[in-house]
Amino acid sequence: MDTGGRARKIGILTSGGDCPGLNVVLRAVVKSLLLGPGIRTVGFLNGYHGLVVDESVSLDYEAVSGLLTRGGTILGTSNTANPFAWVDMEPGSIRSPAANRDRAEPRDRSDDALATVKRHGLEGLVVLGGDGTMAGAARFHKLGLPIVGVPKTIDNDIRGTELTFGFQTATDVAVDAIDRIHDTAMSHHRVMIVEVMGRYAGWLALMSGVAGGADVILIPEIPYRMDAIIDKIRHRGQHGKRFTIVAVAEGAGEMGGSRVVRSMVAHSPDPVRLGGVGAKLADAIEELGGHAARATVLGHVQRGGSPIPSDRLLCTEFGHRAAELVAQGEWGRLVAFREGRVVTAPLEATEGGPRLVPTDHPMIKAARAVGTSFGD
Ligand code: F6P
């Protein structure tokens with residue numbers, strides 16, 4: 001590529017809810033580009049916020065050294081900074097300088113983001129994010145911005161890839177919690193409910209539930225019935241099991257009912273914040289079944305901590321693949337994992353809503369075969 005004698009440079013940002021592995025992908029992209037084609041990387045702070053207001057740091061080799069084991073993101077992130085529907089807001093926070101942020105009128109600041117890219121003389125951008133981030137990336141690409149996406153989320157629900165980074169570590173955290181809950185459930189002969197994240201898709205509840213030996217797994221894709229759950233607890237009791245473990249996704253809902261919404265975050269690409277289904281279940285189990293029940297919400301614990309080895313490996317390969325796309329000038333692509341391999345797909349492959357768990361998924365079949373109830 002003819003760069004007119006200028007040093008080759010790209011930008012990178014981490015956007016949306018954080019997850020383990022963001023730093024590992026940053027490290028892999030920056031090192032691969034430096035040691036390979038000699039392309040330098042500028043990191044924009046707090047997701048798309050840094051791109052719009054032009055806040056960045058130079059990511060040299062030293063800046064990304066030692067990141068393999070570090071959770072979070074050294075660049076910061078935001079799930080409220082949307083360049084196409086911008087509201088002045090503190091990055092990553094729900095506080096807005098506007099007196100009433102719900103009344104603040106969103107405006108399109110995508111031109112400012114494009115101007116930042118031009119000002120820095122960047123060949124293009126690598127964005128690490130979830131579905132909201134990728135929707136923004138696809139729009140920017142259509143506006144002529146060369147862009148590559150790398151899919152992250154602990155929910156594992158991005159279309160176009162069978163695996164997102166962060167999911168495996170979050171599953172590990174949830175399994176560890178379920179194992180611990182198991183001990184205390186057995187001691188006290190209680191029903192213990194573990195509420196894990198998973199807004200629309202039950203991947204995390206399903207995989208951690210099966211690996212942790214949950215007796216009941218409730219996911220958004222399969223509406224539950226209270227009588228089926230009570231029956232399962234009673235049946236276990238009749239067979240000498242005086243405790244029951246329930247793994248529930250925050251987005252699970254009762255048949256004919258709705259999800260338990262905790263709050264709404266205006267101007268977030270997805271404004272709904274969930275939480276509370278575990279407590280609701282515990283109350284219902286005590287009231288309808290007469291069993292002592294307790295709920296534990298794992299919440300953001302699942303999003304922190306050092307990535308486990310399988311995530312470190314995935315992130316390193318994802319980051320390297322993203323760097324290859326940059327070096328080859330293959331823009332508008334998503335790095336993805338399909339059929340056991342790291343591949344690429346068009347950014348538009350992420351469109352069409354969250355990737356849900358098929359109700360005939362082999363893991364659901366296997367779980368049912370070993371006696372797990374899905375509350376249906
Ligand atoms: O999408 C990832 C996720 O962790 C969801 O599972 C959860 O509902 C949401 O983010 C929480 O977002 P926040 O960071 O706003 O609390």
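Atoms within a ligand are numbered from 1 in the order they appear, just like the ligands themselves.
- Scanning the protein heavy atoms around atom 8 (O) of ligand 1, the nearest turns out to be Glu250 OE2, 2.6 Å.
- Residue, atom and distance of the protein heavy atom nearest to atom 16 (O) of ligand 1 are His300 NE2, 2.7 Å.
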- Start with the C-alpha gap between Phe140 and Tyr48, add the side-chain angles, then the distance that decides, and say whether ring pair (Phe, Tyr, Trp, His ring centres under 6.0 Å) holds. CA-CA 11 Å; Phe140 273 128; Tyr48 285 123; 5.8 Å; yes

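- Salt bridge present: Asp88 and Arg107 bring a charged side-chain N and a carboxylate O closer than 4.0 Å.
- Residue contacts with ligand 1 for Asn79 involve side-chain atoms from C-beta outward but no N, CA, C or O (heavy atoms, distance under 4.0 Å).
- In this structure, Gly198 is part of the shell of residues with a heavy atom less than 4.0 angstrom from ligand 1.
- Of the candidates Asp155, Leu204, Thr77, Asp131, the one placing a heavy atom closest to atom 6 (O) of ligand 1 is Asp155.
- Under the 4.5 Å side-chain criterion, counting only non-hydrogen atoms from C-beta, Val246 is in contact with Val191.
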- Could you go through the ring pair (Phe, Tyr, Trp, His ring centres under 6.0 Å) check for His188 and Phe243 one step at a time? CA-CA 8 Å; His188 281 274; Phe243 71 94; over 10 Å; no

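- The single protein non-hydrogen atom nearest to atom 15 (O) of ligand 1 is Arg273 NE, 2.5 Å, given as residue, atom name and distance.
- For a threshold of 3.5 Å applied to N or O pairs, the pair formed by Arg262 and ligand 1 contains no separation below that value.
- Looking at Gln302 against ligand 1, nothing comes within 4.0 Å, counting heavy atoms.
- With contacts defined as side-chain heavy-atom distances shorter than 4.5 Å, the pair Met197/His300 qualifies.
- Atom 9 (C) of ligand 1 has its closest protein heavy atom at Arg199 NH2, 3.3 Å.
- Atom 14 (O) of ligand 1 has as its closest protein heavy atom Arg303 NH2, 2.8 Å.
- In this structure, Phe44 and His120 have perpendicular ring planes: the angle between them is above 60°, well past the 30° mark.
- Counting only distance, with no hydrogens or angles, the side chain of Ser306 and the backbone of Thr69 share a donor-acceptor pair below 3.5 Å.
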